[in-house]
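In what follows, a single structure is set out as structure tokens and then discussed.
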2 protein chains.
Amino acid sequence: MNLKHSKQRDSIKEFLKGRKDHPTAAVVYENVRKTIPNISLGTVYRNLTLLADIGEISRIHVGDGVDHFDADISPHYHFICRECGNVMDMDMDKMDLEKAAGRNFCGEIEYHTICFYGKCEKCCEASIQKKHNVTLC
Amino acid sequence: MNLKHSKQRDSIKEFLKGRKDHPTAAVVYENVRKTIPNISLGTVYRNLTLLADIGEISRIHVGDGVDHFDADISPHYHFICRECGNVMDMDMDKMDLEKAAGRNFCGEIEYHTICFYGKCEKCCEASIQKKHNVTLC
DNA sequence: ATAATATCAGTAATTGTTACTACTTTTAGA
DNA sequence: TCTAAAAGTAGTAACAATTACTGATATTAT
């Protein structure tokens, strides 16, 4: 393997592993800067791309125009709140859809993604509070 | 409704309706230009966004960094060829996944998308031809 | 008709991401 | 443990997709 060690890449990977949300490159940059103040945004992008390419992290497209990254590479699905934009994991098994999909399809299906969209728990509570003008404890 | 009529918007909608693939804004622009030569790319973007917002078309994110648009707003899933980048419809029923997903989730699920990724029929054939150095009829 | 306003063309600005360049680290081998 | 090749880096410029702005035009209700 022609990969060399770098503390920048380590920090990026470590930061991602400590998060359960799905940060963007900009968020990774802002946070890794706390330990490596002069790290470059380009370095963050390059290493996120590299880590995703070699399969150590995964890149998530949720439709907000920004790439998100996830240290959890086990197969799972995502939920995106249309209110606050948060990306969270869905606690459900991965579906065996590819066999069903392949019945009417002549190419080769390699993998699939599912995104659920709606309003997350927090935003649901917030809108109830707003509607009834009360504060839940 | 504070919507006024415009031939630009009509052309955009009509072009989209005549396509079974899922063109990008740039492709829409290039084609609508054949009937309205001095239409602006900004107008295409604005109207695609407007039509998507009012639900007359849908915007598709497949992860290639470019937005695709689809005049077919009936619920269905997509396949994206990782070789040629084509976006096509999957001929399968929409799954009832939201009930299952909601069991361990406290927010409100409004809709979901599924994207299958792999190699399309054409690209499969092309790679077989390349491997065996033959031309299929 | 005409006034109000949605829409337009053209262009500038913004945003997320990638490429480039000269300098710095890492690491395998003498 | 030197040393030099290769990978990595910071900083910045470039890029591509998209959006915002501006003054002009088209549509529609009255």
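Everything numeric in this text was worked out from a predicted model, so none of it was measured. The analysis underlying the following values was restricted to heavy atoms, covering all of them including side chains, and did not include hydrogens, waters or symmetry mates.
- Summarising the geometry, the separation between CG on B/Leu50 and P on C/dT5 is reported as 18 Å, rounded to the nearest angstrom.
- Under the 3.5 Å distance criterion, with hydrogens and angles disregarded, no donor-acceptor pair is assigned to the side chains of A/His22 and A/Asn86.
- Between the CD1 atom of B/Ile54 and the P atom of C/dT7 there is a distance of 9 Å, given to the nearest Å.
- One interatomic measurement links the two molecules: CZ of A/Phe69 to P of C/dT17, which rounds to 7 Å at whole-angstrom precision.
- Rounded to an integer number of Å, the gap from CG of B/Leu41 to P of D/dT18 is 9 Å.
- Closest approach to the A/Lys4 side chain among C/dT27, D/dT28, C/dA9 is made by C/dT27 (side chain taken as heavy atoms from C-beta onward).
- Between A/Thr43 and B/Val66, the residue whose closest nucleotide on DNA chain D is further toward the 5' end is A/Thr43.
- Using bins of under 30°, 30° to 60° and over 60° for the plane-to-plane angle, the ring pair B/Tyr77/B/Phe116 lands in the perpendicular bin.
- Considering only the side chain of A/Ser40, D/dG11 comes nearest among D/dT27, D/dG11, C/dA6.
- When distances run from any side-chain atom of B/Ile39 to the nucleotides D/dA10, C/dT17, C/dA9, the shortest one goes to C/dA9.
- Picking from C/dA4, D/dA10, D/dG8 the nucleotide with the shortest atom distance to the side chain of A/Ser6 gives D/dG8.
- Taking atom CG on A/Leu51 and atom P on D/dA7, their separation rounds to 17 Å, with Å as the unit.
- Distance, A/Ile36 CD1 to D/dG8 C1': 12 Å, rounded to whole Å.
- Nearest-nucleotide positions on DNA chain C for A/Gly65 and B/Arg9 put B/Arg9 closer to the 5' end.
- Residue A/Gln8 places at least one side-chain N or O closer than 4.0 Å to OP1 or OP2 of D/dA10.
- When the side-chain nitrogen and oxygen atoms of B/Asn47 are compared with OP1 and OP2 of C/dC8, one or more of them lie within a distance under 4.0 Å.
- Residue A/Leu3 places its side chain closer to D/dG8 than to any other of D/dA10, D/dG8, D/dA26.
- Taking for each of A/His5 and A/Gly42 the nucleotide of DNA chain C with the nearest heavy atom, the 5'-most of the two is the partner of A/Gly42.
- Looking at the side chain of A/Tyr45, the nearest of the listed nucleotides C/dT17, D/dG11, D/dT18 is C/dT17.
- Shown are B/Asp67, B/Asp70, B/Asp53; of these, the salt bridge (Lys or Arg N to Asp or Glu O under 4.0 Å) with B/Arg59 is made only by B/Asp67.
- Here the side chain of B/Ala25 is nearest to one of D/dT18, D/dT19, C/dA9, namely D/dT18.
- Counting to the nearest Å, the P atom of C/dC8 and the OH atom of B/Tyr29 are 14 Å from each other.
- The separation between A/Arg46 atom CZ and C/dT17 atom P is 15 Å, rounded to whole Å.
- For the residue pair B/His5/B/Asp10, the side-chain donor-acceptor check at 3.5 Å is satisfied.
- Under the 4.5 angstrom side-chain criterion for Ile, Leu, Val, Met, Phe, Trp and Tyr, the cluster partners of A/Tyr117 are A/Ile60, A/Val62, A/Ile80, A/Val87, B/Tyr111.
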